[in-house]
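Reckoned from all heavy atoms, side chains included, excluding hydrogens, waters and symmetry mates.
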Amino acid sequence: MAAITASLFIFLTTELMPIGLLTPLSASLGVSVGSVGLMVTAQGLAAGLGVPFIVAWTRRVNRRRLLTTLLAVLAVGNLITSIAPNYPLILGTRLIMGFASGVFWAIGVSMAMRMVPAKHANRAAAVVMSGISIATVVGIPLGTLLESAGGWRTTFLIWAGLSALVFLAVAVTIPSLPSANAVSVREVFELPVRNVPLRLVLVMVVFFVLGHFGAYTFVRPYLEDSTSATVGFITVVLIVFGTGGAIGNFIGGQTVNKSLRGSFIVGGLIMIAALVMLLTIGSYDFGVIAAMILWGLAFGVVQLSQINMTLSAAPETFEAAMSLNTMAYNTCIALGALIGGLFADHVGVTSVVWFGIVLVALAVILRASTGRRTTPAI
């Protein structure tokens with residue numbers, strides 16, 4: 001369980017690391033902030049579009065062997081990023097790393113849930129998902145600090161070493177896990193056609209992820225523009241967000257069994273309130289701190305809720321359903337970063353916060369309007 005949680009930590013921090021490094025990456029590589037956001041876009045796009053095919057094509061591969069392969073790709077990709085002489089090579093590398101990241105998201109939670117008795121499956125998912133909180137509390141802020149001390153190349157070099165360590169941990173500790181719920185590519189894409197609850201979950205994921213990451217990708221330039229924030233303060237803000245995420249993940253672990261629908265709606269409303277706070281009192285340090293901890297808390301609750309909603313909608317084909325979830329999620333990380341970058345470059349960074357409010361509101365409205373009956377989390 002710890003090895004899979006560490007894998008989630010390393011995959012997520014690698015994918016989102018550019019968020020904390022947008023300004024120095026932009027200055028070093030000679031491209032705009034919005035263009036640097038394409039580092040998130042490239043990896044997210046590959047993770048989203050490639051995962052259903054790769055998961056189906058590897059449906060008979062032992063999951064321990066598959067996960068070690070994914071981590072090897074991640075380690076090499078981080079190493080190449082740290083020494084790449086130009087931006088196009090970095091983008092190409094991130095694209096390849098994205099394929100590995102997407103497959104992990106599809107199989108990682110399922111692997112953890114298979115390693116415990118069925119009655120503890122939901123708790124196992126919550127434990128693994130805590131890797132998200134660890135990444136936001138420790139990983140991304142640590143990357144920001146390392147950049148300020150030794151440059152962004154040093155940051156990615158260190159992450160290459162961490163990826164290699166997690167590779168060894170998985171190879172040594174994870175038991176053999178033959179593939180389960182194996183389905184073909186055609187069957188994967190037929191799932192949302194036949195399964196209406198799963199289709200609704202995927203639409204909600206699209207709105208939520210577009211809104212959240214469209215805004216969150218540009219937190220650093222927004223704070224630098226609105227409050228003249230220093231690197232130290234931005235690091236604190238990222239830690240605060242991650243702390244809120246850890247709290248939200250714990251709360252979500254308790255509430256999703258009682259009401260998936262309620263957990264998602266309340267979490268979404270809290271996220272909207274946090275973004276409004278960022279716009280209204282975000283010019284003050286205390287306002288930023290309060291908004292970011294609420295934002296993180298809401299993200300933790302909604303994130304765990306949507307995973308359990310996917311499980312509840314397709315318990316017999318969870319891995320295949322998660323590949324579709326991952327496709328929607330990561331494609332929308334990419335699109336959120338892309339659309340946010342366009343807003344940031346052409347309208348101003350404040351506009352990305354409004355974009356987040358509107359899209360998260362659409363997700364909440366859809367969840368609230370789809371009825372009260374929800375299959376309990378497993």
Quiz item: Which heavy atom in Gly267 sits nearest to a heavy atom in Ala298, and how many Å separate them?
Solution: O-CB, 3.1 Å
Quiz item: Is a side-chain N or O of Thr326 found less than 3.5 angstrom from the main chain of Met322, in a donor-acceptor match?
Solution: yes
Quiz prompt | side chain to side chain contact (heavy atoms under 4.5 Å, CB included) involving Arg199 - partner list, sequence neighbours excluded | solution = Pro192, Val196
Exercise. Mind listing the closest non-hydrogen atom pair of Gly268 and Val364 along with its distance?
Key: CA-CG2, 3.6 Å
Self-check item: Partner residues of Phe99 under the side chain to side chain contact (heavy atoms under 4.5 Å, CB included) criterion, sequence neighbours left out
Solution: Ala46, Ile54
Quiz item: What pairs with Tyr222 under ring-ring contact (aromatic ring centres under 6.0 Å, His included), at least two apart in sequence or on another chain?
Solution: none
Quiz item: Do Val203 and Leu311 belong together in a cluster built from hydrophobic side chains that touch within less than 4.5 Å?
Solution: yes
Quiz prompt | For Gln254, side chain to side chain contact (heavy atoms under 4.5 Å, CB included) partners two or more places apart | solution = Phe250
Quiz item: For Leu210 and Gly336, which heavy atoms make the closest approach, and how far apart are they?
Solution: CD2-N, 3.7 Å
Quiz item: Is there side-chain contact between Arg94 and Thr14, with at least one heavy-atom pair below 4.5 Å?
Solution: yes
Quiz item: When rounded to the nearest 0.5 angstrom, what distance separates CD1 in Ile307 from OG in Ser312?
Solution: 11.5 Å
Practice problem: Measure centre to centre between the rings of Phe343 and Phe218, then say whether the value is under 6.0 Å. | Solution: no
Practice problem: Indicate yes or no for a side-chain donor-acceptor contact from Arg261 to the backbone of Ala368 under 3.5 Å, with no hydrogens or angles considered. | Solution: yes
N/O donor-acceptor pairs under 3.5 Å from side chains in residues 65-72, not counting sequence neighbours:
residue: Thr68; atom: OG1; partner: Arg64; partner atom: O; Å: 3.3
residue: Thr68; atom: OG1; partner: Arg65; partner atom: O; Å: 2.7
residue: Thr69; atom: OG1; partner: Arg65; partner atom: O; Å: 3.0

Under 3.5 Å, side-chain donor or acceptor atoms of residues 155-175 against the rest of the protein: list the pairs with distances, not counting sequence neighbours.
residue: Thr155; atom: OG1; partner: Gly143; partner atom: O; Å: 3.4
residue: Thr155; atom: OG1; partner: Glu147; partner atom: N; Å: 3.3
residue: Thr155; atom: OG1; partner: Gly151; partner atom: O; Å: 3.4
residue: Trp159; atom: NE1; partner: Thr13; partner atom: OG1; Å: 2.6
residue: Ser163; atom: OG; partner: Asn78; partner atom: ND2; Å: 3.4
residue: Ser163; atom: OG; partner: Trp159; partner atom: O; Å: 2.8
residue: Thr173; atom: OG1; partner: Ala169; partner atom: O; Å: 2.6

Quiz item: Is it the case that one hydrophobic cluster holds both Phe53 and Phe104, taking links as side-chain heavy atoms less than 4.5 Å apart, direct or via other members?
Solution: yes
Self-check item: Gap between atom CG of Leu177 and atom CD1 of Ile107 - 0.5 Å precision
Solution: 9.0 Å
Quiz prompt | Ala320 to Leu191 - nearest heavy-atom pair and separation | solution = CB-CD1, 3.7 Å
Practice problem: May I have all residue pairs that pass side-chain hydrogen bond (donor to acceptor under 3.5 Å, both in side chains) and include part of residues 292-301, sequence neighbours excluded? | Solution: His212-Trp295
Quiz item: Within a strict 4.5 Å, meaning less than it, do heavy atoms of the Ile357 and Leu279 side chains meet?
Solution: yes
Exercise. Taking all non-hydrogen atoms of both residues into account, name the closest pair between Ala314 and Leu198 and its distance.
Key: CB-CD2, 4.5 Å
Quiz item: Can you hop from Leu366 to Met309 via hydrophobic side chains spaced under 4.5 Å?
Solution: yes
Exercise. Decide yes or no on side chain to side chain contact (heavy atoms under 4.5 Å, CB included) for Gln306 and Met204, but give the supporting numbers first.
Key: CA-CA 8 Å; Gln306 64 90 12; Met204 285 179 245; over 6 Å; no
Practice problem: Look at the side-chain heavy atoms of Ile, Leu, Val, Met, Phe, Trp and Tyr, link any pair under 4.5 Å apart, and say whether Leu29 and Leu146 land in one connected group. | Solution: yes
Quiz item: Are Phe11 and Leu79 connected in the hydrophobic side-chain network, where two residues link if heavy atoms are under 4.5 Å apart?
Solution: no
Quiz item: Of all residues at least two apart in sequence or in a different chain, which pass the ring-ring contact (aromatic ring centres under 6.0 Å, His included) check with Phe233?
Solution: none
Quiz prompt | Full working for side chain to side chain contact (heavy atoms under 4.5 Å, CB included) between Ser323 and Val188 | solution = CA-CA 8 Å; Ser323 73; Val188 169; 3.7 Å; yes
Quiz item: For Thr81, which residues count as a side chain to side chain donor-acceptor pair (under 3.5 Å) partner, sequence neighbours excluded?
Solution: none
Quiz item: Taking atom CG of Leu260 and atom OG1 of Thr310, what is their separation to the nearest 0.5 Å?
Solution: 10.0 Å
Quiz item: With sequence neighbours left out, which residue pairs that include part of residues 334-352 fulfil the side-chain hydrogen bond (donor to acceptor under 3.5 Å, both in side chains) condition?
Solution: none
Quiz item: Ser101: what forms a side chain to side chain donor-acceptor pair (under 3.5 Å) with it, not counting sequence neighbours?
Solution: Glu15
Exercise. Before giving the answer on ring-ring contact (aromatic ring centres under 6.0 Å, His included), spell out for Tyr216 and Phe299 the whole-Å C-alpha distance, their side-chain angles and the decisive distance to 0.1 Å.
Key: CA-CA 11 Å; Tyr216 185 67; Phe299 177 74; 7.6 Å; no
Exercise. Quick one: pull up CH2 in Trp152 and CE in Met17 and give me the separation to the nearest 0.5 Å.
Key: 12.5 Å
Quiz item: Sequence neighbours excluded, which residues qualify as side chain to side chain contact (heavy atoms under 4.5 Å, CB included) partners of Val236?
Solution: Val240, Ile289
Practice problem: Report yes if some heavy atom in the side chain of Met271 is under 4.5 Å from a heavy atom in the side chain of Leu297; otherwise report no. | Solution: no
Quiz item: Are Phe213 and Phe355 close enough that their ring centres sit under 6.0 Å apart?
Solution: no
Quiz prompt | Derivation of the side chain to side chain contact (heavy atoms under 4.5 Å, CB included) call for Phe189 and Met327 | solution = CA-CA 11 Å; Phe189 285 103; Met327 181 179 70; 4.1 Å; yes
Practice problem: Kindly give the heavy-atom pair with the smallest separation between Val288 and Leu278, and that separation in Å. | Solution: CA-CD1, 4.4 Å
Quiz prompt | Distance in Å, Leu25 CG paired with Arg153 CZ, rounded so as to fall on 0.5 Å steps | solution = 9.0 Å
Quiz prompt | Distance, nearest 0.5 Å, that separates CG of Leu89 from CD1 of Ile80 | solution = 7.0 Å
